[in-house]
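Sequence lines set the chain letters: A, B, ... in the order given, protein chains first and strands last, and positions in each chain run from 1. Model, not experiment: these values are computed from the prediction.
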2 protein chains.
Amino acid sequence: MAPVHHRKEVDESYAKEKEAAFAEFIQRKGLKTTRQRNTIVATFFRMRGHVSVEELLNEVKKANSRIGYATVYRTLHLLVESELVEERRFGDGLARYEGHSDVEHHDHMICLECGEIFEFFNPRLEALQEKLAEENDFKIFRHRLELYGACKDPEACANRKQKRQASAGN
Amino acid sequence: MAPVHHRKEVDESYAKEKEAAFAEFIQRKGLKTTRQRNTIVATFFRMRGHVSVEELLNEVKKANSRIGYATVYRTLHLLVESELVEERRFGDGLARYEGHSDVEHHDHMICLECGEIFEFFNPRLEALQEKLAEENDFKIFRHRLELYGACKDPEACANRKQKRQASAGN
DNA sequence: TGGATTGCGAAAACCGTTTTCAATATCCAC
DNA sequence: GTGGATATTGAAAACGGTTTTCGCAATCCA
């Protein structure tokens with residue numbers, strides 16, 4: 001019932017595991033292993049939260065400044081295809097990418113003040129959706145639930161907001 | 001508990017009422033009453049469902065072929081600002097506009113086969129969301145719930161799909 | 001009815017994303 | 001290893017939906 005926040009610490013073993021899984025996917029698809037893809041994937045799995053393309057590119061450029069948008073976009077598509085990553089859109093017009101959490105499925109609460117995105121999961125909510133679909137002769141393949149609002153801890157919220165604004169002027 | 005479909009018939013009185021409300025809004029804002037805006041608004045409130053800009057423009061052009069995208073976009077923004085219309089995005093990358101239904105708030109089931117968008121509302125669902133937010137010290141301003149899947153009535157679905165494809169080659 | 005002001009339409013700009021294309025890197029067969 | 005077929009890269013152009021610009025037209029208040 002408690003919210004499932006994204007990982008507090010991104011440990012090496014997690015990133016390594018994901019990198020290996022991606023390498024396996026690349027091989028399975030008969031694609032080539034490249035320096036750029038490795039850099040992008042390694043960078044992605046060492047970031048946390050819901051990463052935008054720009055945020056990722058900024059990080060990636062620290063390792064290899066010659067990598068551009070095109071390759072980042074292409075690699076993200078591969079990550080999504082490999083099912084190691086999910087694409088999300090929260091209505092601000094840009095795609096965000098999320099490495100799978102420990103939980104299979106979850107929904108989101110988005111604070112409009114500090115921009116923080118919280119994850120949560122509740123089985124009753126899922127069951128109720130299924131029930132409603134059933135009643136209307138509808139079969140659910142996937143769903144999306146987003147709660148937009150404000151976190152109630154003003155201190156933490158203000159801190160995050162400040163941090164966000166600082167890193168925006170990058 | 002039954003789904004709230006959009007109006008089956010768009011009656012004159014409904015459209016007239018909305019047009020009057022828009023006229024009042026325009027006046028209140030000190031804006032000018034124009035032929036084009038009237039045409040667009042009148043057309044919009046005589047269409048049903050979740051209307052895309054292109055669909056609306058197509059209809060509008062039947063009344064006045066000189067009206068272009070810019071004015072339709074601008075008028076839709078005014079409609080949203082007037083709170084007579086809500087903007088929705090269902091992840092196919094284009095905005096859809098919805099005149100308020102009889103129900104204040106509702107969620108959506110979207111059939112990925114025929115494209116039909118059903119509306120529904122369930123108080124238990126709303127209450128559960130509030131409860132979950134509460135538990136996580138979060139205050140909900142608004143939410144979005146979309147169930148993507150398939151309608152279970154294959155005939156109706158096929159009909160709608162065909163109809164949609166026919167009107168696409170417009 | 002004049003004239004300040006707002007709105008219009010066409011075209012250009014925008015913005016996030018995708019594609020193109022020539023140059024480069026990968027990797028399998030030898 | 002090396003060659004060579006093939007995949008990948010990066011820069012720039014294209015894209016698609018939306019917004020803005022700009023010169024002209026319409027509105028509406030005094």
task: Starting at CZ of Phe22(A), measure out to OG1 of Thr75(A) and round the result to the nearest 0.5 Å.
output: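 Atom-to-atom, Phe22(A):CZ and Thr75(A):OG1 are 6.0 Å apart.
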Spacing of CG belonging to Asn64(B) relative to CD belonging to Gln36(B), to within rounding of 0.5 Å: 6.5 Å
task: Tell me, yes or no, whether the heavy-atom count around Glu87(B) atom CD, taken from other residues, nucleotides or ligands under 6.0 Å, exceeds 12.
output: yes
How close do [X] and [Y] get, counting heavy atoms only, and between which atoms?
| X | Y | value |
| --- | --- | --- |
| Asp107(B) | His143(B) | OD1-NE2, 3.1 Å |
| Val85(B) | Phe45(B) | CG2-CZ, 3.9 Å |
| Leu145(A) | Leu147(A) | CD1-CD2, 3.9 Å |

[Y]/[X] salt bridge by N-O under 4.0 Å criterion:
| X | Y | result |
| --- | --- | --- |
| Glu19(A) | Lys16(A) | no |
| Lys131(B) | Glu134(B) | no |
| Lys161(A) | Glu116(A) | no |

- line: DNA chain D: first to last nucleotide in contact with chain A (atom under 4.0 angstrom from a heavy atom), 5' to 3', is dT6(D) to dA11(D)
query: Which pairs pass salt bridge (Lys or Arg N to Asp or Glu O under 4.0 Å) with one or both residues in residues 66-84 of chain A, sequence neighbours excluded?
result: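 Sorted pair list: Lys29(A)-Glu81(A).
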statement: Partner of Asp92(B) under salt bridge (charged side-chain N to carboxylate O under 4.0 Å, His left out), picked from Arg96(B), Arg88(B), Arg89(B), is Arg96(B)
task: Provide the start and end nucleotides, 5' to 3', of the part of DNA chain C that has atoms under 4.0 Å from heavy atoms of chain B.
output: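 Under 4.0 Å from chain B, the extent on DNA chain C is dT5(C) to dA10(C).
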query: When you measure from every atom of DNA chain C, which of residues 26-40 of chain B have a heavy atom less than 4.0 Å away?
result: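 Listed by number, they are Leu31(B), Lys32(B), Thr34(B), Gln36(B), Arg37(B).
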message: Among residues at least two apart in sequence or on other chains, which ones pass ring-ring contact (aromatic ring centres under 6.0 Å, His included) with His108(A)?
response: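 If we apply the ring-ring contact (aromatic ring centres under 6.0 Å, His included) test to His108(A), skipping adjacent residues, the hits are His50(A), Phe90(A), His106(A).
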- request: Mind running a 4.0 Å heavy-atom check of residues 65-81 of chain B against DNA chain D and sending the residues that fall below it, in number order?
  value: Ala70(B), Tyr73(B), Arg74(B), His77(B)
